[in-house]
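Here the structure comes first, spelled out in structure tokens, and everything after it is commentary.
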Amino acid sequence: MFRDAWLMASKDLRIERATRVGTGQILPFGGLVLILFGLAISPVYQVTVAVGVRRPMLAQAAPGLFWITVLLAALLALGRSFAVESTDGNLDALKMAGLDPAGIFLGKSAAVAAQLLALQLVLGIGAFILYGPPLADPVLLLTVVILATLGITAAGTVYAAVASGLRVRDTMVPLLVLPVVAPVLLAATKATEAALFGPLDNGWSWAMLLGVFALLYAGVGMLAFGPIMEES
Amino acid sequence: MTDLDLTPRDVPTGGSGSLRNWLIVGALAVVAAFVLFQALTSARVYFLNVDEAVAQRADLGDDTFNMQGTVISEPMSTGEAMVFTMTFGGENAEIRHIGAEPTDLFKVGEQVVAKGHWDGTEFVSNQLLVKHSEEYVEDNPDRLDYELDDNGNPVHSSEPTDGTTSDGSDDAGQ
Amino acid sequence: MTSTSSKATYVVGWAAIVGLALSLLFALVLSPPEVNMGDSVRLLYVHLPTIAVSYLGYGITFLGSVIYLRNQSPFWDLLAGAAAEIGVLFTAFVLVTGAIWGKPTWGTYWEWDPRLTATTVMFIMYLGYLAIRRMDLPQEVRSRRAAVVGIIAIANLIIVRYSVQWWRGLHQGQTLGVDTQLDGLMLFSLFLSVVAFLLLGAWLLIHRFRVAWLERQVEDMRLARALSERRGEAGGAALGGVVS
Amino acid sequence: MVNLSGAISLIGGFPALAGVDLTVDDGEIVVLRGPNGAGKSTLLRLCAGLAPLNGGSGTILGHDLASRERRRRIRRETGLLAHQTFLYDELTVEDNLRFWAKANRADPSTVEPILDRLDLGGRLRTVKISALSAGQRRRASVAVMVCRRPKIWLLDEPHAGLDQAGRDFIDEIVRHAVRFGATVIIASHDHGRVSNLATRTVHLVGGMVTGAEDGQGEGRSVS
């Protein structure tokens, strides 16, 4: 299983290296979304965050805006991940090779997760520059980013697979994936708020929730991928 | 190309990973359930109770949050604001509400959620939501009174506090 | 089967009508106003029964999905789909009645309360489930994928059900539990309307399922005709082949 | 090897196979002939364990087609050369071969010689599949088959769109595979060419077998 996962993940990353869809298209898209949020929420808007302390609303909203951007980018990456398989009958070929469905699931999730993490490194720096929030707890932030990414990709891969197929419309992926990852958005935003602005709320317990979500969907995906991939 | 070996291959059986998957998933579920329990018991999602809000007053600063408690004083109008006292867990808080009138359910003895922030020791509220309990009590003109339990939660008493009339009609659901 | 009604649906249908009429009487006339809510408490007799039907619908979807994945029987697949449609319909109703009820009691139509938010997410997820059932895929593939999602989505129901216990929120806790707190006639009225709505849900479910079943039969008939046409094609060509 | 009786296969609700009876013995080279839409491709996909068996019965290599568990086995022991390349367009010839060799649990050290023998070594090795000509792509797909060394070779119009050299290459590889003990089923329009190969020609119309005749091919028919 892990051997198949490694094989699939390295193959997907090799395709990404050859085509550069992630760096050439998804990353600019994410940057664009960050900038558009900046235009929508004017930098002059201020909110009071403590006695006598006012902060730009944009900085205060940075965690939520960042995670929405990541979700949108994840939708593109997930769609891409399955578009690669549905052209030229490769899904059939994978079945004929007898790869373990759980391995395929883990491999494809891992590849998307790796791409998203790289993406977030750049987008995160961009968000700090554009929105200018403080950073109170870098360790918590890093933990949150990793756990939330794993959760988004695990759940996203399950539902992107459900929505995949030659004649299936692209609109299915957002409809299925977004409600499922809504808890990730909530928890990641809360935990990121704690990591950026200080331990107002219990950031680590939100991070733990993210870990649970990722674990659960990893299990679900390993079990569900067989029936989902079986075409007849 | 005649030297290419095309002998049909005996495909390795590679045991069905089904059992192993179940084991992995089972282990994950146990871990997840444990962690979930831990996380859920500590996550504050929606509101702070009055005692918690009072304890964290310094940390909260001017943050907007929801505070929950039971109304214990008859609200008084002072010009544009409505002033009353809320209690929970043995702590009281003075509320100055500026904003839309709460619903008719807002009255002494009800649990409410006030949305606002601390201003010194006073809580300035912009929105008052009435948190109805899952208790539904028959509207009986004889009995409109309440008591508070140790936590400051209202207790619907079958005995009116003025003690003049007794009321035995409401025990069915309690 | 050529009609979606039968003696059983007649009985269930009439029982639902009588039950609804009775619960209308009890909910609007006979049951007392609540001490704090006044007459708006009467929304309870619609709000709670509809979510009960929703829960049951999603429960059937879960059960049908599990059984379908085990034995591939179209019966359970179609039942799961029909039950999800009923569930979604009643969840929509719950959200609307909840908003209407929320204004006079809490003071707001909508609040980011855990249960409200979770219910809305559940609603959208089951809309997604129904969308999967309409995907342009071979029928078995579609059914299998829908079944997988029908099983996963049950987690939402559990979250919604226990959200009032796990998290603090504006929403009241379990109304019907071991320590139910409803005065006399209120409890009976609620019980009556739950039964009436369950009957209504069952009646709708049976009909919706039978429509789906008939549709499947039409498909099978179309298939049988396509099969004989295709064989005719083969016969004609074979004859031609022999002649030439 | 292949044993079908009354096999029905539905593709998107359409009976692509309407009751096929077919027996193929070890070492045969069977050519399927018939007009477009006769069900040749679906028959091959059924034999590969990809298309569903919706009616009738059948076994491939002794595995029951009705069992999903057995079908997984069938998939691994058969090889399909279809209209699609079964290759990743964005990857090079060599990367594709290495990936599919590993995915099929074939010996990775065979990739190198196979590339050379199939004239995919040298310059072509580092060319993306999307940049190859039709003939070169077919070669690359065949290269994966050669890696897999299936028991049954299922070839769907293998000569289509190829030049003389390409067609000769396909014929040669088919003869070669049979000599090593494989069984081959070919769907083809091009009967002038493939009848030289065939031990038997089976006619398929309207999703059913309408006739068969023996050929002079070089298979090792045991029956």
Side-chain angles (χ1 to χ4, degrees), chain C residues 64-78 81 131-148 150-151 211-244, chain D residues 4-22 31-43 45-46 49-56 64-72 187 189 191 195 200-214:
Chain C
S65 301
V66 171
I67 299 177
Y68 175 76
L69 278 190
R70 293 213 158 272
N71 68 4
Q72 269 77 46
S73 106
F75 174 87
W76 289 102
D77 174 44
L78 295 175
I132 292 170
R133 298 193 67 90
R134 283 180 187 73
M135 280 205 304
D136 189 10
L137 287 170
Q139 181 247 310
E140 304 88 10
V141 180
R142 203 169 47 206
S143 297
R144 188 160 321 114
R145 291 188 185 183
V148 168
I151 291 171
V211 168
W213 185 260
L214 286 177
E215 279 172 354
R216 187 60 67 86
Q217 281 189 325
V218 169
E219 263 171 51
D220 287 350
M221 275 150 73
R222 198 178 293 143
L223 186 67
R225 206 178 57 199
L227 202 59
S228 68
E229 272 175 17
R230 189 123 169 94
R231 284 177 176 160
E233 219 178 287
L239 219 61
V242 170
V243 169
S244 68
Chain D
L4 300 174
S5 97
I8 295 174
S9 187
L10 305 178
I11 303 299
F14 175 76
L17 298 184
V20 168
D21 299 305
L22 180 68
V31 170
L32 300 176
R33 287 192 49 211
N36 282 330
K40 302 190 295 289
S41 297
T42 307
L43 181 51
R45 285 177 64 82
L46 181 71
L50 290 173
L53 181 72
N54 301 96
D64 188 356
L65 272 173
S67 144
R68 212 180 310 154
E69 194 57 46
R70 299 277 85 192
R71 276 225 321 256
R72 272 187 217 126
H189 279 120
H191 60 106
S195 50
R200 193 150 56 103
T201 304
V202 171
H203 296 270
L204 208 61
V205 181
M208 296 180 81
V209 172
T210 53
E213 66 221 29
D214 286 339

- Item | Under 3.5 Å: donor-acceptor pair, side chain of Arg231(C), backbone of Met208(D) | no
- Query: Out of curiosity, Ile8(D) CD1 to Leu223(C) CG, how far, rounded to the nearest 0.5 Å?
  - Reply: 8.0 Å
- Task: Tell me, for Ile11(D) versus chain C, whether the close heavy atoms (under 4.5 Å) come from the side chain, the backbone, both or neither.
- Result: neither
- Message: Please check: side-chain N/O of Arg230(C) versus main-chain N/O of Pro15(D), any donor-acceptor pairing under 3.5 Å?
- Response: yes
- Note on the structure: Closest non-hydrogen contact found for Asn54(D) with Glu140(C) is ND2-OE2, 3.9 Å
- Pair count under 4.5 Å, heavy atoms only, with chain C: among Pro35(D), Ala38(D), Gly39(D), highest is Ala38(D)
- Message: Just so I understand: if I count every heavy-atom pair under 4.5 Å between each of Ala16(D), Gly55(D), Gly34(D) and chain C, which residue has the most?
- Response: Ala16(D)
